[in-house]
A.B. asks: 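The structure that follows is given in the form of structure tokens.
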Amino acid sequence: MEKKQLFLFFIGLMAFAQVFGQRDGVIVLDEVILSDAKLLHFSKGTKVRVVNDSVQEKSGSSLTDLLRYNSNIYFKENGYGMVSSASFRGTNAQQTAVVWNGININSQLTGQTDFNTLIPGNYGDVVVRSGGGSVQYGSGAVGGAILLNDSFRFNDGWKNSLQSSYGSFNTSKLAFNTSLGKEKTSLQIGINHIASDNDYKYLGTDLRNENGAYDQLNINANVGFILSDQQILKVYHNTFNGDRDFSGTLTAPADENYKDLNHRSIIELSSFNERKIARLKVGHLYERYRYFPNNQREEFSFGQANTLLANYDYKYQLNKITLNGIIDFSSIWAKGTSIENAQRSFVSGTFLFSHELSDKLNYGVNLRQEVVSDYQNPFLFSLNSSYKVAKNYIININGSKNHRVPTFNDLYWSGAGASGNLEVLPETSWQVEIGQTIEVKNIALSLNAYSITTDNLIQWRPNTQGVWMAMNVQYVSQYGMELGFDWKRKWGNQELVWESEYAYTKSIDNTTKNQLLYVPEHMLRSNLAYQYKKLVAFYQFLYTGSVYTTTDNSDSLSSYTVGNIGLDYHWPNISGIKFILGLKVNNLFNKNYQNVAYRPMPNRNFQIQLITKF
């Protein structure tokens, strides 16, 4: 589809919506306040899990810690607190999208997100959306998407939360969140600082993690204004500043250092009436890293990227039909030690359609086309449906075509022995999934089965001259099953909650028939929480099967089981102030384990925490 055809298609869509835009109806203001309404209307038939605030408070200091025990995503860390990458349903790190308030924030340099640079406590909620989502969220949403959403609460008064903790390895955390909600104004500010010597023992040796210290600052600030009965203005900003010494391995010490800085800003203007919502977003994303091979010297390599973006989103409700047209514009430029000045611009058009055919059946059709300055991009689509077979039994099905675009490193890298490749093509994947959910009294059971095939997978390999280049070389298949179990019971002053999930994953190189690197076939996680009056005890359990560390499957890391235990006491309110004192023991059984070869994870360690809410 050419640019002119794409432009005319969406002009026609907007005109259609305007013709019907004056019809009567009812719209909920809460939907206008949402930063990502696509999740509300156009993810039916898709597996979606929301991680609530209370779970976030119990799950460590990073998005890695939170999702490791509350999703079926496998994380690879080059030592605790170092670079953390995700494998979602057997896909690689570049095939998992991270979306902040509706905007894909995967790095333009590497194509992935370091999950240890995201602090979940500063966001309104964290949502795990499984399966293909490239139509809604763009490049990289192949295995799934992690959605970080901020919310605005008007007429909610002034609320504050101060969280402080201290633990093993001289690890300290201080987090302050404040929110002010008036009739027409909403303000939230979150400041989070974490620092650690991170000098844990390497179990079974006389070594320690001597070069693993980190110091991180995260600031989140959002403000919303109700301009009139039909207009809201929202401003979002997030800054992350990290300073990490990169850990060595069991066989080689290290003296590296890595500093990264991220700024993200969005201004959003929404207008609405009974049947339509129109949103205009403009924003700026900035990322920069500096890598010091020797942390005692000033020499470093660097990379940085700027993104300017604009997004127009028009949703129209016609009885039980929901239509949504979206136009995205982005201009990106990057430079660095090993990247010459590189630029990219693109325009994309998205059409989302959802229809509630009856109280039991709904379905959706979603389409997307991108026109990009430096490569060809495929036409994308997704289909989804949800059918309520009985009062407590629902069947979901979805299918999609997804993609991942080459990164600036893939295209423009320039260095000794390595070179970018302007001929590399986007990865394309097709997938289908069927899910079932049964709820009986206090029990909920879910079963999801999926299949993904990907061609033109991008890998760096040596060419005929021995120069390493990005190439489209691999055709892979992923398939698997996920079984979920939730149980809750409350009686008197007591409540017991048990939540578990098992995942079976095959990720196969169809040329060699081998399992891909760092994809466990079996994962099982289970969280148990018991509350008696003001006392809460919880246990987190994680089993991770063995993973291969070589392409010929000749070497592997052993499976491991890790357990964490914690106890929280909610003190009686004192003059309207609420105190929560918590103690947590991580790696309770002092397990010696690795999720990346030769890079041990921490031994048993402790954390004490005080949360004050007023």
Side-chain angles (χ1 to χ4, degrees), residues 1-3 83 85-86 91-99 103-114 134 137-143 260 262 284-291 301-309 328-348 368-380 401-429 454-476:
M1 188 180 291
E2 297 179 355
K3 286 185 179 180
V83 174
S85 56
T91 61
N92 60 39
Q94 290 85 358
Q95 294 172 323
T96 299
V98 177
V99 180
I103 302 298
N104 188 319
I105 60 172
N106 280 27
S107 169
Q108 297 296 333
L109 300 171
T110 65
Q112 66 184 70
T113 294
D114 181 353
S134 289
Y137 301 112
S139 173
V142 177
D260 47 342
N262 290 279
H284 173 243
L285 308 178
Y286 173 76
E287 58 177 291
R288 187 196 71 193
Y289 75 84
R290 291 180 177 176
Y291 169 70
S301 58
F302 80 99
Q304 66 182 51
N306 282 276
T307 302
L308 291 177
L309 60 92
D328 282 293
F329 297 92
S330 288
S331 180
I332 309 158
W333 62 98
K335 64 180 181 179
T337 304
S338 299
I339 299 178
E340 297 179 357
N341 288 340
Q343 292 187 344
R344 169 181 295 166
S345 59
F346 78 85
V347 56
S348 69
R368 181 185 179 100
Q369 178 65 57
E370 296 180 1
V371 179
V372 189
S373 59
D374 53 359
Y375 57 87
Q376 298 293 320
N377 216 27
F379 177 75
L380 305 176
K401 180 181 179 182
N402 302 278
H403 79 316
R404 181 177 82 82
V405 301
T407 67
F408 279 138
N409 284 2
D410 296 330
L411 296 172
Y412 303 115
W413 185 273
S414 177
S419 174
N421 182 3
L422 293 174
E423 302 301 320
V424 72
L425 301 173
E427 298 174 357
T428 304
S429 78
T454 302
D455 58 16
N456 288 328
L457 185 71
I458 300 171
Q459 284 193 334
W460 281 74
R461 291 188 176 185
N463 62 15
T464 54
Q465 289 76 39
V467 177
W468 284 79
M469 299 181 67
M471 301 179 183
N472 298 111
V473 294
Q474 203 171 44
Y475 173 54
V476 303

A.B. asks: Exactly one of Leu308, Ile103, Asn104, Asn262 should register a side chain to side chain contact (heavy atoms under 4.5 Å, CB included) with Leu285. Which one does?
C.D. replies: Ile103
A.B. asks: Before giving the answer on side chain to side chain contact (heavy atoms under 4.5 Å, CB included), spell out for Glu370 and Asp328 the whole-Å C-alpha distance, their side-chain angles and the decisive distance to 0.1 Å.
C.D. replies: CA-CA 9 Å; Glu370 296 180 1; Asp328 282 293; over 6 Å; no
A.B. asks: In Å and rounded to the nearest 0.5 Å, what is the OH to CG distance from Tyr475 to Leu457?
C.D. replies: 12.0 Å
A.B. asks: Minimum heavy-atom separation for Gln94 to Asn106, with atom names?
C.D. replies: O-ND2, 4.3 Å
A.B. asks: Does the side chain of Val372 come within less than 4.5 Å of Arg344's, by heavy atoms?
C.D. replies: yes
A.B. asks: Would you say Asn421's side chain and Ala470's backbone share a donor-acceptor pair under 3.5 angstrom?
C.D. replies: yes
A.B. asks: Does the Asn472 side chain pair with the main chain of Leu425, one donor and one acceptor, at a distance under 3.5 Å?
C.D. replies: yes
A.B. asks: Rounded to the nearest 0.5 Å, what's the gap from CZ on Arg404 to CG on Asn456? Could you check?
C.D. replies: 11.0 Å
A.B. asks: Can you see which heavy atom on Gln343 is nearest to which on Trp333, and at what distance?
C.D. replies: CG-CB, 3.7 Å
A.B. asks: Measuring from atom CG of Asn306 to atom OH of Tyr286, what distance do you get when rounded to the nearest 0.5 angstrom?
C.D. replies: 6.5 Å
A.B. asks: Any side-chain donor-acceptor pair under 3.5 Å between Ser85 and Gln112?
C.D. replies: no
A.B. asks: How far does CZ of Arg290 sit from CD of Gln304, to the nearest 0.5 angstrom?
C.D. replies: 8.5 Å
A.B. asks: Heavy-atom count around Gln459 CD within 6.0 Å, excluding the residue itself: above 12?
C.D. replies: yes
A.B. asks: What heavy-atom pair brings Gly303 and Leu109 nearest, and what distance separates the two atoms?
C.D. replies: C-CD1, 3.9 Å
A.B. asks: Would you check if Met471 and Asn463 make a side-chain contact, meaning some heavy-atom pair closer than 4.5 Å?
C.D. replies: yes
A.B. asks: Kindly assign one of parallel, tilted or perpendicular to the pair Tyr412 and Phe408, based on the angle between their ring planes and the thresholds 30° and 60°.
C.D. replies: tilted
A.B. asks: Which heavy atom in Thr91 sits nearest to a heavy atom in Gly143, and how many Å separate them?
C.D. replies: OG1-CA, 3.6 Å
A.B. asks: Given Glu427 and Val142, is the side chain to side chain contact (heavy atoms under 4.5 Å, CB included) satisfied, shown in steps?
C.D. replies: CA-CA 10 Å; Glu427 298 174 357; Val142 177; 5.6 Å; no
A.B. asks: For a quick test of reading the model, state the closest non-hydrogen atom pair linking Arg368 to Ser348 and the distance between them.
C.D. replies: NH2-OG, 3.4 Å
A.B. asks: Taking atom OG1 of Thr110 and atom OH of Tyr289, what is their separation to the nearest 0.5 Å?
C.D. replies: 9.5 Å
A.B. asks: Is there a side-chain contact between Val424 and Leu411 (heavy atoms, below 4.5 Å)?
C.D. replies: yes
A.B. asks: What is the minimum heavy-atom distance between Ser330 and Leu309, and which atoms define it?
C.D. replies: OG-CB, 3.8 Å
A.B. asks: Would you say the side chain of Pro406 lies within less than 4.5 Å of the side chain of Pro426, judging by non-hydrogen atoms?
C.D. replies: yes
A.B. asks: What I want to check is whether the side chains of Trp460 and Asp410 have a donor and an acceptor closer together than 3.5 Å.
C.D. replies: yes
A.B. asks: Going from OG on Ser373 to CZ on Phe346, what distance comes out if it is rounded to the nearest 0.5 angstrom?
C.D. replies: 10.0 Å
A.B. asks: From the options Thr407, Asn409, Ile332, select the one residue that forms a side chain to side chain contact (heavy atoms under 4.5 Å, CB included) with Gln108.
C.D. replies: Ile332
A.B. asks: Is the backbone N or O of Ser134 less than 3.5 Å from a side-chain atom of Asn402, with the two atoms forming a donor-acceptor pair by type?
C.D. replies: yes
A.B. asks: Would you find more than 12 non-hydrogen atoms of other residues, nucleotides or ligands less than 6.0 Å from Lys401 atom NZ?
C.D. replies: yes
A.B. asks: If we ignore hydrogens and angles and just use 3.5 Å, is the side chain of Thr337 paired with the main-chain N or O of Phe302 as donor and acceptor?
C.D. replies: yes
